[in-house]
Every structure is written in C-alpha cells, then in structure tokens.
Amino acid sequence: MARHGGRGWNSKVLGAALGVTLLAAGASVWTAQADAIGGTSRKANTSATPGSAVKPVAVTIVHASDKGARGVNITIDDGPDPVWTPQVLDVLREFGVKATFCMVGTQAQAHPDLVKRVVAAGHRLCDHSVSHDTTMDKKSETYQSQEILDAERMITQASGGVRPMYYRAPGGAFTPYSRKLAASRGMRPLGWNVDSKDFERPGADAIVATVERELPGGPTVLFHDAGGDRSQTVEALRRVLPWLKEQGYSFGFPVR
C-alpha cells in the first residue's frame, strides 16, 4: 500500500490537534453515551463505550465487499472537512451510494456536525488514527494504542455514540499489534485495492482512468475528502459512480 500524505499532512493535523483539544476542553458537550476526553492527555482509554457491547472481529486486513464479486466499496479518507465532505456527501446522495468514511480523530472532534451528517446519511465510520501519522508502524505499541483508541473515542463522541466499524492505518502502516488492538475493539482492519491517486491531484481525468484501470484488482477504492483541495475528487466521483453502475457493479461495505 502507498503511504499517503507523509509528514506534511501529519504536521497539519498535529498542529490542528492542539487548538482543537484546547477548544474542546472548554466548549465541547459530549453525549451521555461517550467518555469525555480529558484536556490534552494522550493516555489511551481502553474502556468500552458505556451502553454498547464491543464484539471482536477478525484481525486480517479486509478488502472484500459485502455485495460479493460485483461489489465495490467506496472509501473516503482524512476528513471530515467543512468544505469538501459536504460536497462528497452530495455526490454520494445524488447517485444513491453508501461509503465508508475513514476519519482522523482531530477532524472528527473539530466537526461533529459533519460526523453526524455522515452517519445520518447511512454511511459507515472508520478510525483513521488521531494524527494521521504514516510512520505509526515504526512507533511503540503505547503510541499506536493512543492513536487508535483516542481516535475511536473522538469519533464515537462526535457521532453521538455511533462507533467506528473499521480501522485503517494511515498510509497502510499496520502492525500485528495495531490490527489485533483494533479488532479487539470491533474495528476490522481495512485496506484498499484501488489507490485513485486523488491525493496527488493529477486531474479528474487521471483519477477516473486510474479507478477504471485498477478496479479488476479488487473492490475497495480509496478517495480523500480532506488534506487539501479535493475538487478533483468531487469531479472524479461524479463521473466514476455512474460508470460503475453502468458496468453492473453494486455499492457495498467492506465485510466484517
């Protein structure tokens, strides 16, 4: 798997994290179902969300679609973003497509209204770590735990109590430990088959061509709704989604 974003994107998120955490400490109101995040502490909270049972899932990285051989999983990474996520949601609604949104913890904490909107539209949530560190696989297990579990809590709180169903390591930086930890929390490790390359902004034509070329290799397609100007992604989705329908594909979710 390619490593998207690198240190530039990671630095943006880390910079945002401090401001968001300070704001959240004074202004955020969490639902009764979720644990509060205390100040700027990075100590992971391993307790289950009150009132919701956590059922472990398989530790293997999933790519398959619950729609079978002609199924496609649309996955959207790095948001939510106040500019681009609403536009992506509008395109998905226009074509009647459900997707899996892999959210960065600090982004979810900053934009809980968008997390709730994603859930209300019938899409699924995925934990994409707190700070989008694509070198997580080189860090300690304590660090990995903090990144995964703190993001899980942030997303659950922002959604109003809806838990992430998957965990996607930033840049595919999975480790045996991170996969086992996520699976123990009911989050299936999620990979991808088709890297649309939209993060590089090669143009909508190139993004569409990449999806069409690589789709025979597997059903899970990677797009982004944050980390920069995603207008090319929005345009590419507007063209790819009807094309997939014309080819006889149906849209589903990664199996769990």
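Since this is a predicted model, take the numbers as computed values, not measurements.
- T210 OG1 to L215 CG: the interatomic distance, rounded to the nearest 0.5 Å, is 12.0 Å.
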- Do F174 and Y167 pass the ring-ring contact (aromatic ring centres under 6.0 Å, His included) test, and can you show the C-alpha distance, the side-chain angles, and the key distance before you say yes or no? CA-CA 10 Å; F174 288 102; Y167 166 66; 5.7 Å; yes
- Query: L92 and L241: side chain to side chain contact (heavy atoms under 4.5 Å, CB included), yes or no, with the steps?
  - Reply: CA-CA 8 Å; L92 294 172; L241 298 181; 4.0 Å; yes
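- Between L125 and V119, the closest side-chain pair of non-hydrogen atoms falls below 4.5 Å.
- Side-chain polar atoms of T135 and D133 form a donor-acceptor pair below 3.5 angstrom.
- Note: D66 CG to S250 OG = 8.5 Å, rounded to the nearest 0.5 Å.
- In this structure, the side chain of T85 does not engage the main chain of P82 through any donor-acceptor pair within 3.5 Å.
- At a threshold of 4.5 Å between non-hydrogen side-chain atoms, the residues Q144 and E147 do not count as touching.
- Electrostatic pairing of D113 and K116 does not count as a salt bridge here, judged by no charged N lying under 4.0 Å from a carboxylate O.
- Both cation-pi conditions hold for R124 and F253: the charged atom is under 6.0 angstrom from the six-membered ring centre and inside a 45 degree cone around its axis.
- S196 and F223 get closest at one heavy-atom pair: OG-CD2, 3.5 Å.
- Stacking of R70 on the aromatic ring of Y249 is recorded, both the 6.0 Å distance cut-off and the 45° axial limit being met.
- Judged by distance alone, the side chain of W192 and the main-chain N or O of T75 form no donor-acceptor pair under 3.5 Å.
- Counting only N and O atoms by type, the side chains of H224 and D77 include no donor and acceptor under 3.5 Å apart.
- At a threshold of 4.5 Å between side-chain heavy atoms, the hydrophobic network of Ile, Leu, Val, Met, Phe, Trp and Tyr places V255 and V59 in two separate groups.
- A distance of 10.0 Å separates OG of S178 from CE of M187, quoted to the nearest 0.5 Å.
- Although no hydrogens or angles enter the test, the distance criterion places a donor-acceptor pair under 3.5 Å between the side chain of Q232 and the main chain of G203.
- Shortest non-hydrogen contact noted between S65 and N73 is OG-OD1, 3.0 Å.
- Residues S129 and A151 share a closest heavy-atom pair of C-CB, 3.4 Å.
- One distance of note links NE2 of H128 with OG1 of T106; it measures 11.0 Å at 0.5 Å rounding.
- In this structure, A204 and R239 approach most closely via the heavy-atom pair CB-NH1, 3.7 Å.
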- Query: What do the steps show when you test I148 against M136 for side chain to side chain contact (heavy atoms under 4.5 Å, CB included), and what is the final call?
  - Reply: CA-CA 10 Å; I148 296 168; M136 276 182 61; 4.2 Å; yes
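- Here the side chains of S184 and L181 are in contact, with some heavy-atom distance below 4.5 Å.
- Screening L114, V88, I155 against F101 for a side chain to side chain contact (heavy atoms under 4.5 Å, CB included) leaves a single residue, V88.
- Across all non-hydrogen atoms, the minimal contact from V57 to G186 is CG2-C, 3.8 Å.
- Between D78 and C102, every side-chain heavy-atom pair lies at or beyond the 4.5 Å cut-off.
- Both the sub-6.0 Å distance and the 45° axial angle are satisfied by K139 relative to the ring of Y143.
- Within the 4.5 Å cutoff, the side chain of E212 has heavy atoms near those of the W243 side chain.
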- Message: Does T220 form a side chain to side chain contact (heavy atoms under 4.5 Å, CB included) with V72? I'd like the steps, not just the answer.
- Response: CA-CA 6 Å; T220 300; V72 173; over 6 Å; no
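- Remark: the R201 side chain and the T233 side chain contain no N/O donor-acceptor pair separated by less than 3.5 Å.
- Atom NE2 of H123 is separated from atom NZ of K98 by 5.5 Å, given to the nearest 0.5 angstrom.
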- Message: Assess the residue pair T175 and D137 against the criterion (side-chain hydrogen bond (donor to acceptor under 3.5 Å, both in side chains)); give the C-alpha distance rounded to whole Å, side-chain angles, the decisive distance to 0.1 Å, and a yes or no.
- Response: CA-CA 6 Å; T175 67; D137 55 338; over 6 Å; no
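- Atom CG of residue L237 and atom CD of residue E94 lie 11.0 Å apart, to the nearest 0.5 angstrom.
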- Task: Show your reasoning for whether salt bridge (charged side-chain N to carboxylate O under 4.0 Å, His left out) applies to R213 and D195.
- Result: CA-CA 11 Å; R213 181 180 66 251; D195 180 358; over 6 Å; no
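- A salt bridge between D150 and R185 is absent, with no side-chain N of the basic residue lying under 4.0 Å from a carboxylate O of the acidic one.
- Side-chain contact check for V221 versus L244: every heavy-atom pair is 4.5 Å or farther apart.
- With a 4.5 Å cut-off on side-chain heavy atoms, L190 and T100 count as touching.
- Relative to the ring axis of F199, R230 places its NZ or CZ within 45° and under 6.0 Å from the centre.
- A salt bridge is absent between R168 and D127: the closest approach of a Lys/Arg side-chain nitrogen to an acidic carboxylate oxygen does not fall below 4.0 angstrom.
- Counting all heavy atoms, side chain and backbone alike, P80 lies closest to M103 at CD-SD, 3.8 Å.
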- Message: With side chain to side chain contact (heavy atoms under 4.5 Å, CB included) as the criterion, how do H111 and D81 come out once you've worked through the C-alpha distance, each side chain's angles and the decisive distance to 0.1 Å?
- Response: CA-CA 7 Å; H111 306 290; D81 179 273; over 6 Å; no
